[in-house]
K.L.:
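The structure follows.
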Amino acid sequence: MSVSAPTLLGMGTVTFVDETTTGGRTAGPRLPVTEERLTLRELIRRRTEHETAREDTPSAFARAVEAFGRNGFLVLVGDRQVEELDETVTVGPETEVVFLRLVPLVGG
């Protein structure tokens, strides 16, 4: 009788993608996630943790949360916009999380 490793059960992968309103698209990191549901705040924390040096993570996370709060970017998970930091998203085997950076209008 074979037994599956418990760490592989329910594991998903989040792929972060950066987009701009002008059509630019850059694939970011792919992170394994063991939870089926996470808040947007936690997804942002994990991304900043992955992309910054350990000592810079708290300030990078604070800047990202502040930018989200002032509508510096939108976050799309699948076909759905996530509008609140504490909103829960479902993570599947392959989940794409798009950070859509909003480019301000000239003079606005």
Side-chain angles (χ1 to χ4, degrees):
M1 178 171 114
S2 76
V3 177
S4 297
T7 56
L8 297 178
L9 295 176
M11 182 171 284
T13 301
V14 173
T15 301
F16 293 102
V17 177
D18 293 326
E19 288 188 8
T20 64
T21 55
T22 58
R25 182 175 168 91
T26 306
R30 291 173 45 92
L31 300 178
V33 175
T34 56
E35 301 89 344
E36 290 181 14
R37 297 172 60 80
L38 292 171
T39 63
L40 175 59
R41 182 184 311 271
E42 180 62 17
L43 284 171
I44 292 171
R45 186 192 66 75
R46 289 186 188 189
R47 180 175 181 177
T48 56
E49 190 174 72
H50 179 77
E51 293 182 345
T52 59
R54 173 172 247 135
E55 62 274 2
D56 296 331
T57 297
S59 61
F61 174 68
R63 284 192 309 275
V65 167
E66 187 272 329
F68 180 81
R70 66 174 161 71
N71 296 320
F73 62 91
L74 302 176
V75 177
L76 305 168
V77 179
D79 296 349
R80 184 173 71 88
Q81 179 180 344
V82 182
E83 298 180 5
E84 300 291 330
L85 286 169
D86 293 320
E87 192 171 332
T88 302
V89 299
T90 301
V91 177
E94 291 289 330
T95 301
E96 184 176 82
V97 177
V98 176
F99 287 73
L100 178 60
R101 194 175 83 219
L102 302 175
V103 180
L105 297 172
V106 174

K.L.:
Would you name the heavy atoms of I44 and A64 that are closest together and state the gap between them?
P.N.:
CG2-CB, 3.7 Å
K.L.:
Run the side chain to side chain contact (heavy atoms under 4.5 Å, CB included) check on V17 and V97 step by step: do they pass?
P.N.:
CA-CA 6 Å; V17 177; V97 177; over 6 Å; no
K.L.:
If I take atom OG1 from residue T95 and atom CZ from residue F16, how far apart are they, to the nearest 0.5 angstrom?
P.N.:
10.0 Å
K.L.:
Show your working on side chain to side chain contact (heavy atoms under 4.5 Å, CB included) between V65 and L85 and close with a plain yes or no.
P.N.:
CA-CA 8 Å; V65 167; L85 286 169; 3.5 Å; yes
K.L.:
Just how far is it from atom CG of D56 to atom CD of E51, taken to the nearest 0.5 Å?
P.N.:
12.5 Å
K.L.:
CZ of R47 to OG1 of T52: how many Å apart, nearest 0.5 Å?
P.N.:
11.0 Å
K.L.:
If you count the non-hydrogen atoms of other residues, nucleotides and ligands that lie under 6.0 Å from CD in E84, is the total more than 12?
P.N.:
no
K.L.:
Any luck finding a side-chain donor-acceptor pair between R37 and T90 under 3.5 Å?
P.N.:
yes
K.L.:
First locate atom CD of Q81, then atom CG of L74, and finally report the distance between them rounded to the nearest 0.5 Å.
P.N.:
4.5 Å
K.L.:
Hydrogens and angles aside, do T20 and R101 bring a side-chain donor and acceptor to less than 3.5 Å of each other?
P.N.:
no
K.L.:
Test your reading of the model: is there a side-chain donor-acceptor pair from E87 to the backbone of E83, 3.5 Å cut-off?
P.N.:
yes
K.L.:
Looking at E66, R41, R46, E49, which hits side-chain contact (heavy atoms from CB on, under 4.5 Å) with F61?
P.N.:
R41
K.L.:
Does R25 pair with E96 as a salt bridge, N-O distance under 4.0 Å?
P.N.:
yes
